[in-house]
**Student:** 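Have a look at this one before I ask anything.
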Amino acid sequence: METISIVDSKKYVDKKVKIGVWLTNKRSSGKIAFLQLRDGTAYFQGVVVKSDVSEETFALAKEVKQEESMYVIGTIHEDARSHFGYEIEIEDIEPVGASKDYPISPKDHGTDFLMDHRHLWLRSKRQFAIIKIRSELIRATYAFFHKEGFVKFDAPILTGSAPEGTTELFHTEYFDKDAYLSQSGQLYEEAGAMAYGKVFSFGPTFRAEKSKTRRHLIEFWMIEPEMAFTHQEESLEIQEKYIAYLVQSVLDNCQYELKLLGRDPKVLQRYTKLPYPRISYDEAIELLQKSGDFPDVKWGKDFGSPEETYLAEHFNKPVFVLNYPKAIKPFYMKPHPTRKDVVICADLLAPEGYGEIIGGSERATDVAYLEKQIEKAGLDKADYQWYLDLRRYGSVPHSGFGLGLERAVTWITGEEHIREAIPFPRLLNRIYP
RNA sequence: UGCUCAGUAGUUCAGUGGUAGAAUAAUUGACUGUUAAUCAAGAGGUCGUAGGUUCGAAUCCUACCUGAGCAGCCA
């Protein structure tokens, strides 16, 4: 008799097996008991028939509590009455760990209560599906960049200076010096690109912003590729290829999870078709003005989330918005060759109201220009000498972008709020558990 | 940080000045295919905290605490 995982049930039809499980719910009558089981790979049902088992086993089946752990021993059957398609007819139960008064019942709960019990909430079906899809996106990210010839190049998490000003950085100490938690690895990725051509980082990012919206986390994971000898247009091609690859991977490997979430695969299918539309910032402003719904939209202003939602809905698939005003973008973006007021950059807006999931640009290569921009931004030139060296010693055209993992997870799973897209979200006023 | 809303049983909520309620979970019992099972029973409360108004406050007032939604900022 083999010990197996629930997800592998179909390979063991009519075989006797043993599975380590937790009880999620139970229904019983005088002569039959239905145990809802999970083992971290899937959810299915065990059936205990009184006339087929010992008195002790049936008594155990009636006694087990929610989230009690045990081994069940029995025979796998294919059964159309089961949502999973298979179930186990239990012959014997070996209790492992008791459970009493499990706080999360099968009924409704509020967000605050669930977040206070996040360590247990993660066991429930929706959370299982979301975290599994997150894991698939991580797997697919490594697979994609490996396939495309990128080197994984880790940026430091402790930094001595602030790429975009210190107000939104977490301050800490580095022995007797000030230090900050990384809010972006991008500048370091540029050094990596000059050393190894195509690189990407994938790590945690910290923003001490007092943001309190459905699309912000204080701590989140970001993927930041950077490519030497690459102009913006080629970067956009990599970006859309990457996004389509992520969506396709979920379609290929997470059908069960999508079903648990009630996420329609047909909708996702649409996002695998390339290319994604590209419109300029100028055109986006015009579109918004023509719609009549945004009287406050003016050239020079950044888009708020209602504007982003409108634009993405308009195209019904992810859309690139190109070349934003220089004044609202960071210092390192390459100025437009014929226009002084915009930079070579693009945001990718996800459809269905999920907003910006990628921000990227071609990087400025001119030392004098960068020095001026650093000064204008009120940053200390001394902190950026190493960065300017990248331009002093064999500078090349290069481009890169950043993808917020949790935003991608939220969009692909169709979740309402970003807080469920990471196991333990760090939110304004929440650092427990 | 601003605006709006909310804190009552383990949980989700009703109760808007006069004895603290429902559903559900948990507990006990019945039931041979249940899918949020069903049926029955008993049990479960410092009404967010502090102060005030009143004969009387869960209810009205003030302050504070906590959370949610939206906005700004961004990925």
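Note: hydrogens, waters and symmetry copies are ignored here, and every other heavy atom, side chains too, is used. Throughout, protein chains are lettered first and strands after them, A, B, ... in sequence-line order, and every chain is numbered starting at 1.
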**Student:** Could you check whether A:Leu403 gets within reach of a base, just the sugar-phosphate, or nothing at all, counting any heavy atom under 4.0 Å?
**Tutor:** nothing
**Student:** Would you measure the distance from the P atom in B:C64 across to the matching atom in B:G2 and give it in whole Å?
**Tutor:** 11 Å
**Student:** Determine whether the aromatic ring centres of residues A:Phe150 and A:Tyr196 are separated by less than 6.0 angstrom.
**Tutor:** no
**Student:** Using only modelled atom types and a 3.5 angstrom limit, is any donor from either the side chain of A:Glu87 or the base of B:G33 paired with an acceptor on the other?
**Tutor:** yes
**Student:** What nucleic acid atoms does A:Gln45 come within less than 4.0 Å of, heavy atoms only: base, sugar-phosphate, or nothing?
**Tutor:** base
**Student:** Is it true that A:Arg38 and A:Glu67 have a side-chain N and a carboxylate O under 4.0 angstrom from each other?
**Tutor:** yes
**Student:** Please measure how far the P atom in B:U16 lies from the corresponding atom in B:A58, and state the result in whole Å.
**Tutor:** 13 Å
**Student:** Strictly below 4.0 Å, N to O, side chains only: are A:Lys259 and A:Asp264 in salt-bridge contact?
**Tutor:** no
**Student:** In whole Å, measure the gap between the C1' atoms of B:C55 and B:U12 for me.
**Tutor:** 36 Å
**Student:** Are A:Phe331 and A:Tyr384 an aromatic pair by the rule of ring centers under 6.0 Å?
**Tutor:** yes
**Student:** Please name all residues satisfying ring-ring contact (aromatic ring centres under 6.0 Å, His included) with A:His171, sequence neighbours left out, ordered by chain then number.
**Tutor:** A:Tyr180
**Student:** So which nucleotide from B:A71, B:U32, B:A75 ends up closest to the side chain of A:Lys31?
**Tutor:** B:U32
**Student:** Does this structure show an ion pair linking A:Arg339 with A:Asp282, if we count only N-O contacts that are shorter than 4.0 Å?
**Tutor:** yes
**Student:** What do you reckon, do A:Phe34 and the base of B:G33 stack, with centroid distance below 5.5 Å and planes below 30°?
**Tutor:** no
**Student:** Hey, does A:Lys301 reach any base, or is it just sugar-phosphate, or nothing, if we go heavy atoms under 4.0 Å?
**Tutor:** nothing
**Student:** Each nucleotide N or O in nucleotides 63-68 of chain B that has a protein N or O under 3.5 Å away: list the pair and distance.
**Tutor:**
from, atom 1, to, atom 2, distance (Å)
B:G67, OP1, A:Asn429, O, 2.9
B:A68, N7, A:Lys212, NZ, 3.2

**Student:** Please list each protein N or O that sits under 3.5 Å from an N or O in nucleotides 7-11 of chain B, with the distance.
**Tutor:**
from, atom 1, to, atom 2, distance (Å)
B:U11, O2', A:Asp108, O, 2.9
B:U11, O2', A:His109, ND1, 2.8

**Student:** For A:Arg134, check salt bridge (charged side-chain N to carboxylate O under 4.0 Å, His left out) against everything at least two apart and list the hits.
**Tutor:** A:Glu406
**Student:** Within this structure, what is the CG-to-P distance between A:Asp296 and B:G72, rounded to whole angstrom?
**Tutor:** 11 Å
**Student:** Report the distance from atom CG of A:Asp347 to atom C1' of B:C73, rounded to the nearest whole Å.
**Tutor:** 13 Å
**Student:** Can you check the distance between B:G17 and B:U59, where both ends of the measurement are the P atom (answer in whole Å)?
**Tutor:** 11 Å
**Student:** Check this for me: does the side-chain of A:Arg215 come within 3.5 Å of the base of B:A75 through a donor and an acceptor?
**Tutor:** no
**Student:** Which of residues 131-147 of chain A have a heavy atom under 4.0 Å from RNA chain B?
**Tutor:** none
**Student:** Using a strict cut-off of less than 4.0 Å between a Lys/Arg side-chain nitrogen and an Asp/Glu carboxylate oxygen, indicate whether A:Arg139 and A:Glu136 qualify as a salt bridge.
**Tutor:** yes
**Student:** Salt bridge between A:Glu415 and A:Arg215, side-chain N to carboxylate O under 4.0 Å?
**Tutor:** no
**Student:** Under 4.0 Å between any heavy atoms, over every strand shown, what does A:Ile104 touch: base, sugar-phosphate, or nothing? Just pick one.
**Tutor:** nothing
**Student:** Which part of the nucleic acid, if any, lies within contact of A:Gly304, taking any heavy atom under 4.0 Å across all strands shown: a base, the sugar-phosphate backbone alone, or nothing?
**Tutor:** sugar-phosphate
**Student:** Decide if the gap between the ring center of A:Tyr276 and the ring center of A:Tyr271 is smaller than 6.0 angstrom.
**Tutor:** no
**Student:** Just checking A:Thr213: base, sugar-phosphate only, or nothing, at a heavy-atom cut-off of under 4.0 Å?
**Tutor:** base
**Student:** Between A:Phe303 (CZ) and B:G72 (P), how many Å, whole number?
**Tutor:** 13 Å
**Student:** Are A:Phe153 and A:Tyr188 near enough that their ring centres are under 6.0 Å apart?
**Tutor:** no
**Student:** Please compare A:Glu308 and A:Lys65 by the position of their nearest nucleotide in RNA chain B and report the one closer to 5'.
**Tutor:** A:Lys65
**Student:** Using atom C1' in both nucleotides, what's the gap between B:G10 and B:U32 to the nearest angstrom?
**Tutor:** 32 Å
**Student:** Considering only B:U27, B:G33, B:G72, which nucleotide approaches the side chain of A:Lys210 most closely?
**Tutor:** B:G72
**Student:** State whether the distance check finds a donor on one side and an acceptor on the other, under 3.5 Å, for side chain A:Ser211 versus base B:C74.
**Tutor:** no
**Student:** Taking 4.0 angstrom as the limit, do A:Glu189 and A:Arg363 come out as a salt bridge?
**Tutor:** no
**Student:** Base, sugar-phosphate, or nothing: which does A:Gly359 touch, judged by heavy atoms less than 4.0 Å apart?
**Tutor:** sugar-phosphate
**Student:** I want to know whether A:Tyr142 and A:His146 have ring centres closer than 6.0 Å.
**Tutor:** no
**Student:** Between A:His119 and A:Tyr432, what is the ring plane arrangement, given parallel below 30°, perpendicular above 60°, and tilted in between?
**Tutor:** perpendicular
**Student:** Pairs under 3.5 angstrom, nitrogen or oxygen only, protein versus nucleotides 37-43 of chain B, please.
**Tutor:**
from, atom 1, to, atom 2, distance (Å)
B:A37, OP1, A:Asn25, ND2, 3.3
B:A37, OP2, A:Asn25, ND2, 2.9
B:A37, OP2, A:Arg27, NH1, 2.0
B:A37, O5', A:Arg27, NH1, 3.1
B:A37, N6, A:Ser28, O, 3.1

**Student:** With the threshold set at 4.0 Å, does a side-chain nitrogen-carboxylate oxygen contact exist between A:Glu148 and A:Lys241?
**Tutor:** yes
